Asks: 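There's a structure below that I have some questions on.
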Amino acid sequence: MASPPPSTGLPLAEALVRSDSLSDLLSRVRQSRAWLEAVAHLLPQGVRAEVRAGPLDSARWVLLVSNAAGAAKLRQLLPALDAELQLRHMGGVPIRIKVLPRA
């Protein structure tokens, strides 16, 4: 049985810390997940399981949904989601809904 080749790269965690762009990306991923956790209680149980935190930047936050029915319900809830984020001093950017393509 052959042994694995010696590693020449950095461990992922170390690379994330050392690279400004990767560190920023990780920070935005964590922030997007925190925002979804902050509003999850507003989502109906059936929809909650279909929603994932998507990209976040200074222009928008994207919620990814697995089907069109869930996206329609989320669009109805956008004012409440935005209000909850404002109440928690989060957010401040428009929320967009994107339906994920079927695999």
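Keep in mind it's a predicted model, so treat the numbers as computed, not measured. Keep in mind that the numbers below use all heavy atoms, side chains included, and drop hydrogens, waters and symmetry copies.
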Asks: Residues in salt bridge (Lys or Arg N to Asp or Glu O under 4.0 Å) with Arg28, at least two apart?
Replies: Asp24
Asks: Per the side-chain hydrogen bond (donor to acceptor under 3.5 Å, both in side chains) rule, what does the pair list look like for residues 78-91, sequence neighbours excluded?
Replies: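 Found Glu84-Arg88.
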Asks: Got Leu77 and Pro44 here, is their nearest side-chain heavy-atom distance under 4.5 Å?
Replies: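 The answer is yes, as the side chains (C-beta and beyond) meet within the 4.5 Å cut-off.
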Asks: Just wondering, do Ile95 and Val62 contact through their side chains at under 4.5 Å, heavy atoms?
Replies: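 No, too far: nothing below the 4.5 Å cut-off.
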Asks: Would you name the heavy atoms of Ser58 and Val93 that are closest together and state the gap between them?
Replies: O-CG1, 3.2 Å
Asks: Would you call Leu100 and Val65 a side-chain contact if the rule is heavy atoms closer than 4.5 Å?
Replies: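 With C-beta onward as the side chain, the pair stays apart.
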Asks: Check the pair Lys98, Leu63 against side-chain contact (heavy atoms from CB on, under 4.5 Å), reporting the backbone distance first and the verdict last.
Replies: CA-CA 6 Å; Lys98 181 176 180 180; Leu63 289 174; over 6 Å; no
Asks: Could you check if a side-chain atom of Leu78 sits within less than 4.5 angstrom of a side-chain atom of Ile97, using non-hydrogen atoms only?
Replies: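 Yes, at least one pair of side-chain atoms sits under 4.5 Å.
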Asks: Val39 and Leu85: side-chain contact (heavy atoms from CB on, under 4.5 Å), yes or no, with the steps?
Replies: CA-CA 7 Å; Val39 299; Leu85 291 173; 3.8 Å; yes
Asks: Shared ILVMFWY cluster between Leu42 and Val47, side chains joined below 4.5 angstrom?
Replies: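 Yes, because Leu42 and Val47 connect within a single hydrophobic cluster, where side-chain heavy atoms sit under 4.5 Å apart.
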Asks: For side-chain contact (heavy atoms from CB on, under 4.5 Å), just list the numbers for Trp35 and Leu81, CA-CA rounded to whole Å, side-chain angles, deciding distance to a tenth of an Å, and then say yes or no.
Replies: CA-CA 10 Å; Trp35 286 13; Leu81 300 178; over 6 Å; no
Asks: If you apply the rule side-chain contact (heavy atoms from CB on, under 4.5 Å), what do you find for Leu64 with Val51, and how did you get there?
Replies: CA-CA 6 Å; Leu64 305 170; Val51 179; over 6 Å; no
Asks: Check whether Arg48 reaches the backbone of Ala40 with its side chain - one donor and one acceptor, N or O, closer than 3.5 Å.
Replies: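 At least one qualifying donor-acceptor pair exists.
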Asks: Could I get the full list of side-chain contact (heavy atoms from CB on, under 4.5 Å) partners for Pro94, not counting sequence neighbours?
Replies: Arg96
Asks: Donor-acceptor pair, distance only, cut-off 3.5 Å: does the side chain of Ser32 make one with the backbone of Leu56?
Replies: no
Asks: I want to check something: taking the side chain as every heavy atom from C-beta on, are Leu43 and Leu74 in contact at a cut-off of under 4.5 Å?
Replies: yes
